[in-house]
Amino acid sequence: MATMEKVPMLPTGHAALIVQLRNLKEVERPAVVEAIEEARAHGDLSENAEYHAAKERQGQIEAQVIELEDMLARAIVIDPKTLSGDKAVFGATVHLLDEDDKPVTYQIVGQHEADVKASRISFSSPLGKALIGRRIGDEVEVHTPSGDKYYAIERVEFI
């Protein structure tokens, strides 16, 4: 029997998935059904590009719905405001110094919430994996495709 792997996420990420799922079900799905019906009305389906495009989009929507429903069913919502300590864990905002003593800050989040431009890294990314479980004062070595990087953990916050 296969085990269902839990999907950790922040409350904001969970809410965003719910909104995305609702949009697919209540807006995208009815719109594509309407497009299919309209394309069918044009006659011969074998050479009807609008029909084939709408059917393809319908398949994409259904796949997204299934994926989102699965992710939400396996979700473990973790609110970082309920956590504390000096250890980097899921949801923590970690303040680092890089090898040039330049400060950098990242929040450790779920895979679908990651956005490097917003300083949000996935717990499964190389840096995320290296940070999890580490404490203030620890030095971290990260193996990346562009070479090894080194960081020192300055501060851990739960905001």
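As a basis for the values below, the full set of heavy atoms in this structure was taken, side chains included, without hydrogen atoms, waters or symmetry mates. Please read all numbers here as calculations on a predicted model, not as lab measurements.
Sorted by first then second residue, the salt bridge (Lys or Arg N to Asp or Glu O under 4.0 Å) pairs that include residues 9-33, not counting sequence neighbours, are K25-E69, E28-R57, R29-E62. Residue pairs meeting the salt bridge (Lys or Arg N to Asp or Glu O under 4.0 Å) criterion with at least one partner in residues 81-96, sequence neighbours excluded, are D86-R135. Annotation: salt bridge (Lys or Arg N to Asp or Glu O under 4.0 Å) contacts involving residues 115-134, sequence neighbours excluded, are absent.
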For side chain to side chain contact (heavy atoms under 4.5 Å, CB included), just list the numbers for Y150 and E139, CA-CA rounded to whole Å, side-chain angles, deciding distance to a tenth of an Å, and then say yes or no.
CA-CA 7 Å; Y150 301 90; E139 292 185 3; over 6 Å; no
Assess whether side chain to side chain contact (heavy atoms under 4.5 Å, CB included) is satisfied between Q60 and V32, documenting all intermediate values.
CA-CA 11 Å; Q60 292 168 344; V32 80; over 6 Å; no
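Residue V89 is grouped with residue Y151 when hydrophobic side chains (ILVMFWY) are merged at heavy-atom distances under 4.5 angstrom, including chains of intermediate members. The hydrophobic clustering, which links ILVMFWY residues whose side-chain heavy atoms are closer than 4.5 Å, places I136 and F90 together. In the hydrophobic cluster analysis, where Ile, Leu, Val, Met, Phe, Trp and Tyr join through side-chain heavy atoms closer than 4.5 angstrom, I121 is grouped together with L83. The cluster map of Ile, Leu, Val, Met, Phe, Trp and Tyr, joined by side-chain heavy atoms under 4.5 Å apart, puts Y51 and V33 in different clusters. Hydrophobic clustering (ILVMFWY, side-chain heavy atoms < 4.5 Å, transitive): L131 and V109 are in one cluster.
Scanning all heavy atoms of the two residues, the minimum distance from R74 to E5 falls at NH1-O, 2.5 Å. Across L68 and L24, no two heavy atoms sit closer than the pair CD1-CD1, 3.6 Å. When all heavy atoms of V94 and A88 are compared, the pair lying nearest together is CG2-CB, 3.8 Å. Contact detail for P80 and P11: the closest heavy-atom pair is CD-CD, 4.4 Å. Annotation for E113 and P8: closest pair OE1-O, 4.3 Å, computed over non-hydrogen atoms. Taking each heavy atom of Q111 and S124 in turn, the nearest pair found is NE2-OG, 2.8 Å.
Going from atom CG of D100 over to atom NZ of K149 covers 9.5 Å, rounded to the nearest 0.5 Å. L72 contributes atom CG, which lies 5.5 Å from atom CD1 of I18 (distance to the nearest 0.5 angstrom). Note that the OG1 atom of T105 and the CG atom of L96 stand 7.0 Å from one another [nearest 0.5 Å]. Here L97 contributes atom CG and E99 contributes atom CD; the two are 11.5 Å apart, rounded to the nearest 0.5 Å. Note: E67 CD to D70 CG = 8.0 Å, rounded to the nearest 0.5 Å. Residue L127 holds its CG atom at 7.5 Å from CD1 of I108, rounded to the nearest 0.5 Å.
Listed by chain and residue number, nothing satisfies the side chain to side chain donor-acceptor pair (under 3.5 Å) test with T82 (two or more places apart in sequence, or in another chain). Remark: E50 pairs with no residue by the side chain to side chain donor-acceptor pair (under 3.5 Å) rule, at least two apart or across chains.
Taking the side chain as every heavy atom from C-beta outward, L17 and Q20 approach each other to under 4.5 Å.
Using a distance-only test at 3.5 Å, with no hydrogens or angles considered, no donor-acceptor pair links the side chain of N23 to the main chain of V27.
Counted within 6.0 Å of CD on E37, heavy atoms from surrounding residues, nucleotides or ligands total more than 12; the atom is thus considered enclosed.
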Name each donor-acceptor pair under 3.5 Å that joins a side chain in residues 152-159 to protein atoms two or more places apart or in another chain, with its distance.
{"unit_1": "R155", "atom_1": "NH2", "unit_2": "H95", "atom_2": "NE2", "d": "3.1"}
{"unit_1": "E157", "atom_1": "OE1", "unit_2": "H95", "atom_2": "NE2", "d": "2.6"}

